[in-house]
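Accompanying notes for the structure given below.
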Amino acid sequence: MKDPISTRDIGPRAGTPLWLYMLGTTVAGAGLLALSALGLSPDELRTLAIQPLLWVLLCVIVLGELRPVSIPGQPPGNGVPTSLPFSFALVIQYGLPVAALIQVTATLVAGVARGHASHRAVFNAAQYTLSLGVADAVLRLLGPVLVQGARFPAAGELVTVALAGAAYFVTNRVLVLCAVAMHERVSLRHTMSRGLGQQAYINGILLSLAPLVVVAMNHSVLYVPLFVLPLGALYTSALLSVKRDHQANHDELTALANRKLLTVRAQQELVGAQQRGGSVGLLLLDLDRFKEVNDTLGHPIGDRLLQTVARRLTHSVRPGDLVARLGGDEFAVLLPEIRDTAAAHEVASRLRGALTEPVRMDGMEFDLQASIGIALFPHDASDLALLMQRADVAMYVAKAARTGVESYDPGKDRNSTARLSLYSELRRGLSEGALEMRYQPKVSLDDERPIGLEALARWHHPSRGLLTPDEFMPVVEQSNLLRAFTAQVLDLALAHAALWHEEGMTLPVAVNLGMRELLDPELPGTVAAALREHGVEPRRLVLEVGEHALITDPEAATEAVHRLRDLGVGLSLDDFGTGHFTLAQLAGLPLDEVKIHESFTARLVDRSDSGHTVVRAAIALVKALGMRATAEGVQSAELVRAARDTGCHAAQGRYFAPPLAAREVAGWVAARDGGTAADTRV
C-alpha cells in the first residue's frame, strides 16, 4: 500500500550529507557486486541462467519484495521483505555472486512495480548487496556451510548460519537507519533504538527459515514455492494488524497522524528533549474561512481541499517532523528537535507559503490562508497539555490580529498566571488613580506651530514603574476593565483640556479607541457625559479610531463612527497602512483626518523605494476625499520636508517633541507660540 503523504521518494539535494552518504553506499554496493561477479566465469553464468531453481527463486524474491511484513508504527507497505529467507538461502547455497545478482535484479524490478524513485531503488539494491556481502564473509570466515541433499545442517553449521544472519541484520539495519537519521535530522542512537525489538524478532523468524529453504532447494525445485503459503499468511496477518494500528492512529480522510498518535509521539520527544537538554516545538494551524467553503460548496469539496492541505503540509516540514490532523480544519505539527523560536517561525512561514498557492478544483480556484500558533518546550510549557494550550493561545492571537504566525506570549494569554496577576493589579490601579497621561504634540507643517495633542495613557505599576500601553492594553481589551479604563482616560484628558482652556490654550485633545471600545453601544453616552462634566466643547475632543477596529466588523464600525460624529467630536483614522483597510472604504466614513503610520511615512524619504509612490498616491487620495493627512513617527528634518512636499498638513513625532507630561504641555506650547492657532480643529 503506497503512503500518499510519504516523503521518502523525494531525492536529497546534491551535496548534502544524505546525498553523499547514499552516493557512497551505492558506489560501494556496485563495486562489491562487480567484484563478486568477476568470480563467475561465462560458462558458470550460462549454467546458472538455465537452472529453473534460480528463476523460481528470482520470482519468489520479487514477490517477497512486494509483500513485506509490516511493523506497527510504520505505514502499511513498509517493513521486512518476505524475500529474506530466499536471499539468505542463496548466500548459503551459492555464495555472494549469485545471491547478489538475483537480489539486485529483484529489488530493481520490485522498485519499478511499486513506483519508487530511482535513487531509492538503487540505494536499496546497494544496501542488500553490502549486507549479503557481510553475511557471506562470516560464512567464509567460520567455514563454508553447504547443505547437500535433503538433510538438516549439523549443530555447528546452524550456529554459523545464525551468526551470519545476525551480521546481515546488523549491517542492513545500520545502512538503512543512517540514511533515515540523516533524512529526519535526528541522532543515530535515537533512530537505532526505535522499533529494535520488533525488527529483530521478525528478521529472526525470516532468517531462521533460510536453512529450511536450502534443504528444499536441494530436494526439489517444486518445494520452494510452498514457502510462499506460510509467508503469505504471515504477511496477511501482519498487514491486518498494522492496518488496525494505522487506522487507530491516523486520520481516515488525510492519512495524517491523529491526536492519539501526536500525543504518544510528543510525550516521547519531550522525554528525549529533557534528557538531552533540547527543545521541542509545537505548531497549531487553523485554516481561515474554511467553514465558508463547506457551507457554500459542500463537504466533498471541503474534504478534497483538506487532503490537498495535508499533502502540502507534509511536503513542507522538515524530515522527522510529524504532521497531524486534530479535527475539522485544525492541524498540528510536532518539531522534535528545534533550535529556538526563530527556527520554528521559519517552519511556520514555509507552511503558510505552501498553502498560499491557489488550489484549482472542478474549474474553481481556492485561496487558502492559515493562522499558526507556536509554543516551545520547555521555554513556554513544562508538559504536553500546557504546550498544546499555549500553542492554541498563540494561534488564536494570530487569527485575531491577522498576523498569520504568532509565538506564545504570556502577555497575550488571558489565562496565564502573569496575566491574571497583571489584571488584578490594573483593576486596583484604576480604582486608586494609577493612570496618568502623556501628550504627543501635533504640529502644522506650514509653520510648525502646535495644532493638537494626542493623549497617551501610562500606568504607574507598583513594582515595574511607568508602563506603556503595549504592556497593559492587551489585558484591558480582553477583560471587563475596558469601560472603566475608557472612562478614566476620557476623564483625565478632558480635565486637562478644560484646565488649559482656562489658561487660554484651545488645542484639541485626541483620545485613541480600540475595536471593543468603538463597538461598545454605551460609548457615545460615556463621551457625552464626560464632555458635559468638564465643560469641554465637543470640537475640542478628537477620537482616533485604529485601522484594525474598522476592518474587523466594517458594518458595525461604520455605524459606531456615525453615532460619534453626531456628538460633534472630531474623528481621525489612526495607523493607516498597518492593516487591510482601503482608501475606497474611507469614502463612506465621516472622518476629518487620516494619520499615516510611521512605517509608511518613513518611505517618503526613499525615492528609490516603490512604496514612496504608493504613499504619495494615498495622501493625494486622502486630500481628494476632503480629509487631512498627518504623518506619524517623524524623526528628522528630512522627513518633515518630505511630508510637507507630499501634501501632509500636519505631523507628529520625536523630532518636534517626545510625549509630554501634562505640566510640561503649556510651557512647550507657549515656546512654540501656537496655543491660539487660528484653526485648531483637526
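Quick caveat: nothing in here was measured; it's all calculated off a predicted structure.
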Determine the sole option in L322, L282, L334 for which the side chain to side chain contact (heavy atoms under 4.5 Å, CB included) test with E269 is passed.
-> L334

Does atom CZ of R654 have more than 12 heavy-atom neighbours, drawn from other residues, nucleotides or ligands, at distances under 6.0 Å?
-> no

Checking side-chain contact (heavy atoms from CB on, under 4.5 Å) for the pair V527/L531: CA distance, chi angles, key distance, verdict?
-> CA-CA 6 Å; V527 173; L531 290 168; 4.0 Å; yes

Any side-chain heavy-atom pair from I619 and R616 closer than 4.5 angstrom?
-> no

Non-hydrogen side-chain atoms of V443 and I451 separated by less than 4.5 Å | no

CA sep, side-chain torsions, deciding dist, call: F656, K442, side-chain contact (heavy atoms from CB on, under 4.5 Å) = CA-CA 8 Å; F656 303 107; K442 181 172 65 176; over 6 Å; no

When every non-hydrogen atom of V542 is compared with those of L571, the smallest separation belongs to CG1-N, 4.4 Å

Student check: side-chain heavy atoms of L285 and M395 closer than 4.5 Å = no

List the steps and the verdict of side-chain contact (heavy atoms from CB on, under 4.5 Å) for E448 and V640.
-> CA-CA 10 Å; E448 296 193 11; V640 171; 3.8 Å; yes

Value rounded to 0.5 Å, distance of CG in L283 from CZ in F331 = 13.5 Å

Between the side chain of E664 and the main-chain N/O of A661, is any donor-acceptor distance below 3.5 Å?
-> yes

Closest non-hydrogen contact found for L262 with A332 is CD2-CB, 3.7 Å

Using a distance-only test with no angle check, is there a side-chain donor-acceptor pair under 3.5 angstrom linking N512 and E454?
-> yes

Ignoring hydrogens and geometry, is there a side-chain-to-backbone donor-acceptor pair from H534 to V536 under 3.5 Å?
-> no

Short side-chain to backbone donor-acceptor contact, T601 and I596, under 3.5 Å = yes

Does D520 use its side chain to pair, donor to acceptor, with the backbone of R516 at less than 3.5 Å?
-> no

Are the side chain of S431 and the backbone N or O of R428 linked by a donor-acceptor pair below 3.5 Å?
-> yes

H379 atom NE2, over 12 foreign heavy atoms within 6.0 Å | no

For the residue pair P441 and L660, what are the closest heavy atoms and their distance?
-> CG-CD1, 3.9 Å

Side-chain donor-acceptor contact under 3.5 Å, E406 with T403 | yes

Measure the shortest side-chain to side-chain distance between M627 and D592 over non-hydrogen atoms and say whether it is less than 4.5 angstrom.
-> no

Non-hydrogen side-chain atoms of L494 and V509 separated by less than 4.5 Å | no

Distance-only, no hydrogens or angles: does the E432 side chain make a donor-acceptor pair with backbone N or O of G429 under 3.5 Å?
-> no

Taking everything shown except H345 itself, do over 12 heavy atoms lie less than 6.0 Å from its NE2?
-> yes

Closest heavy-atom contact between K623 and G647?
-> CD-O, 3.4 Å

Distance in Å, I372 CD1 paired with K399 NZ, rounded so as to fall on 0.5 Å steps | 10.5 Å

Could you walk me through whether V561 and L543 pass the side-chain contact (heavy atoms from CB on, under 4.5 Å) check?
-> CA-CA 10 Å; V561 169; L543 297 177; over 6 Å; no

Once you round to the nearest 0.5 Å, how far does OG of S444 lie from CZ of R644?
-> 8.5 Å

Salt bridge or not for E522 and R483, using N-O below 4.0 Å?
-> yes

Check: R672 side chain, P450 main-chain N or O, donor-acceptor pair, under 3.5 Å | no

Under the 3.5 angstrom rule, does the side chain of R312 hit a backbone N or O of E357 as a donor-acceptor pair?
-> yes

Taking atom types as modelled and ignoring hydrogens, do the side chains of E632 and Q652 form a donor-acceptor contact shorter than 3.5 angstrom?
-> no

Does R565 use its side chain to pair, donor to acceptor, with the backbone of P590 at less than 3.5 Å?
-> yes

Do the ring centers of W500 and Y439 come within less than 6.0 Å of each other?
-> yes

Residue pair V511 / A493: nearest heavy atoms and the distance that separates them | CG2-CB, 3.9 Å

Considering all heavy atoms, the nearest L467-F472 contact = O-CE2, 3.4 Å

Quick one: pull up CG in L541 and CG in L490 and give me the separation to the nearest 0.5 Å.
-> 6.5 Å

Can S572 and E544 be counted as having a side-chain donor-acceptor contact under 3.5 angstrom?
-> no

Within a strict 4.5 Å, meaning less than it, do heavy atoms of the L466 and H461 side chains meet?
-> no

Can you tell me how far CD of Q389 sits from OH of Y408, rounded to the nearest 0.5 angstrom?
-> 7.0 Å

Regarding T468 and E471, is there a side-chain donor-to-acceptor distance under 3.5 Å anywhere?
-> yes

Heavy-atom side-chain proximity of L376 to V280 below 4.5 angstrom | no

Between L573 and L589, is any pair of side-chain heavy atoms under 4.5 Å apart?
-> no

Rounded to the nearest 0.5 Å, what's the gap from OG1 on T630 to CD on E593? Could you check?
-> 3.5 Å

Test item: R350 side-chain N/O and G353 main-chain N/O as donor-acceptor pair under 3.5 Å = no

